[in-house]
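Please read these numbers as outputs of a predicted model, since none were measured by experiment. Below, read A as the first sequence line, B as the second, and so on, with proteins coming before strands; counting in each chain starts at 1.
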Protein chains: 2
Amino acid sequence: MTRPLVTILDDEPEIRTLLAEVLEEAGFDTLSFGRARAFEAALATHTPDVCLVDLSLPDTDGLTLVHRLALEQGAIVIIISGRAQVQDRVTGLELGADDYIIKPFDPAEVVARIRARLRSPKPASQTGNVAAFNGWTAHFDRYTLEDDTGAETPFSHAEGEVLRLFLDAPKRLISRAQMQTSLGGVASESFDRAMDVRISRLRTKLREDPKNPQLIKTIYGAGYIFLGDVTWS
Amino acid sequence: MTRPLVTILDDEPEIRTLLAEVLEEAGFDTLSFGRARAFEAALATHTPDVCLVDLSLPDTDGLTLVHRLALEQGAIVIIISGRAQVQDRVTGLELGADDYIIKPFDPAEVVARIRARLRSPKPASQTGNVAAFNGWTAHFDRYTLEDDTGAETPFSHAEGEVLRLFLDAPKRLISRAQMQTSLGGVASESFDRAMDVRISRLRTKLREDPKNPQLIKTIYGAGYIFLGDVTWS
DNA sequence: TCTCAATCCTTACGAATTGTTACAAGGTGG
DNA sequence: CCACCTTGTAACAATTCGTAAGGATTGAGA
């Protein structure tokens, strides 16, 4: 039984040791870092299940780090911060953090919130940036789609967001509302047709027959289903 | 544009209206309840994306309700409570709640936390997406009907809802009222002939002889019976 | 600062799907 | 057989979706 790996990124040594102790006791493996640089270096060799991040770091802006971790790496990110303003919490959560805990915190609550996040884990994308499906290979690090002959076509950031959403939940219905909230979009009052356009462009790059799409299927009045057989690596 | 549905369960009317206003503004549909009983009754016809629950309810123990919602219904549950003790939060989260917000709360943070929960896709029931009956095979993941020669005809979402209802209860009478409530429709005032039309269209796709249907039989004045021999896989 | 290019959102209109209406057909009880 | 109900389905209207075209935004480089 492998234990979930939790990384701790905080510049105060006492907090690091306190958290590490409690989390080890609670059944997690931990890795502690005082600097963002060391933490990011460790990401090359480790794939944490949960990242605890303090926003007040000496060598980076914490929020950009959170944003990159959450959106690009798809990791579960929990902010632990002394900044207690509501606005701080809201922007932290909107940038992709999964939870926001205020210092001083109770260790038991930290454990409970980590467990709550791990109950419905984010799938797949934690393990890699390359996914293969039905003759295609998507390279999210390079923003390119490779077909079965090896030819590559680039895709944009917006297209990649939609594609990742599909590849993380293949063969399941994804409602438009889910997509909107997943992609950080504020559900605008005016009909948001942007999603349709994104999907339309993605379909073109996947060379879907508009009359009979094989990969991205529209369920009228309900959402979309991605039908590929996905393997992440 | 279908908006995510958020239910509000709180015995204080001011809080209900405050939350409902803010959430509507933020792009969600809302349903408010003051009692657990009314809330649970509504679950029969609605499937909320997120349930906000206050623990201090007059007619139920909030924690058991949370537990049932989270485990049995697989819904996203966020507790909003005046009980600020760490132990309350820990037990709430351990019983299956996805988040725990303390009163008094800031509406903006509630919205941000709801969005954070909706970002990661709901765990889906992987149960039964393929059913075979009388030479036909229904693929609910692909929304297609396959006949005995292997030819596939697509069916729509509305048709699929009816078909699934039949395949889940073969050889049993299903009344119109049952269908209406099962398919999310509030029993409309004007007599709803939409169901008849759906069934008519489904019969066409199943190549039923209108004068002598073999699979979907009409029981005059009572409802319908599906007569196929169904095997789910 | 200005220009250019890339990207993305908004708008607009045609197409597909679904609900609604209207009427025909069939059943039931007198 | 005749009123009166329920059901089937064609035709229409409303809603939702696809996508081309134009404009707003962003960032790089001069």
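The distance between atom CG of Asp196(A) and atom P of dT15(D), rounded to the nearest whole Å, is 17 Å. Atom OH in Tyr143(B) sits about 14 Å away from atom P in dT17(C), given to the nearest Å. Computed from coordinates, the Glu161(B) CD to dT17(C) P distance equals 16 Å when rounded to whole Å. When the P atom of dG8(D) is taken as reference, atom NZ of Lys217(B) falls 13 Å away, rounded to whole Å. Taking atom OH of Tyr224(A) as the reference point, atom C1' of dA16(C) lies 13 Å away to the nearest angstrom. Residue Ile216(B) contributes atom CD1, which lies 11 Å from atom P of dT9(D) at whole-angstrom precision. Atom CD1 in Ile199(B) sits roughly 11 Å away from atom P in dT9(D) (whole-Å rounding). Atom CZ in Arg203(B) sits roughly 11 Å away from atom P in dT7(D) (whole-Å rounding).
The side chain of Arg193(A) has dC17(D) as its nearest neighbour among dA15(C), dC17(D), dT18(C). Picking from dT7(D), dT18(C), dC8(C) the nucleotide with the shortest atom distance to the side chain of Ala158(B) gives dT18(C). With distances taken from any side-chain atom of Lys211(B) to the nucleotides dA25(C), dT20(C), dT19(D), the minimum falls on dA25(C). If you check dG8(D), dC17(D), dA20(D) against the side chain of Arg176(A), the one that comes closest is dC17(D). Closest contact between the side chain of Ser156(B) and the listed nucleotides dT17(C), dT10(C), dT20(C) involves dT17(C).
Proximity of a side-chain donor or acceptor of Asp98(A) to a complementary backbone N or O of Ile76(A) within less than 3.5 Å is not detected.
Contact check, Ser200(A) against dT19(D): a side-chain N or O comes under 4.0 Å of OP1 or OP2. Residue Thr218(A) places no side-chain N or O under 4.0 Å from the OP1 or OP2 atom of dA16(C). Look at Arg198(A) and you won't find any side-chain N or O under 4.0 angstrom from OP1 or OP2 of dT19(D).
Residue Phe155(B) is out of contact with every strand shown, counting any heavy-atom pair closer than 4.0 Å.
Checked for salt-bridge contact, Asp196(B) and Arg176(B) meet the test: a charged N lies under 4.0 Å from a carboxylate O. Contact check on Asp99(A) versus Arg113(B) returns a salt bridge, with a Lys/Arg side-chain nitrogen under 4.0 Å from an Asp/Glu carboxylate oxygen.
Exactly one of Asp168(B), Leu167(B), Leu173(B) qualifies for a side chain to side chain contact (heavy atoms under 4.5 Å, CB included) with Phe226(B). That residue is Leu167(B).
The shortest side-chain heavy-atom distance between Asp11(A) and Phe33(A) does not fall under the 4.5 Å cut-off.
Judged by distance alone, with hydrogens and angles left aside, Arg201(B) brings a side-chain donor or acceptor within reach of the base of dG19(C), the pair sitting under 3.5 Å. Contact annotation: side chain of Tyr220(B) to base of dT28(C), donor-acceptor pair absent below 3.5 Å.
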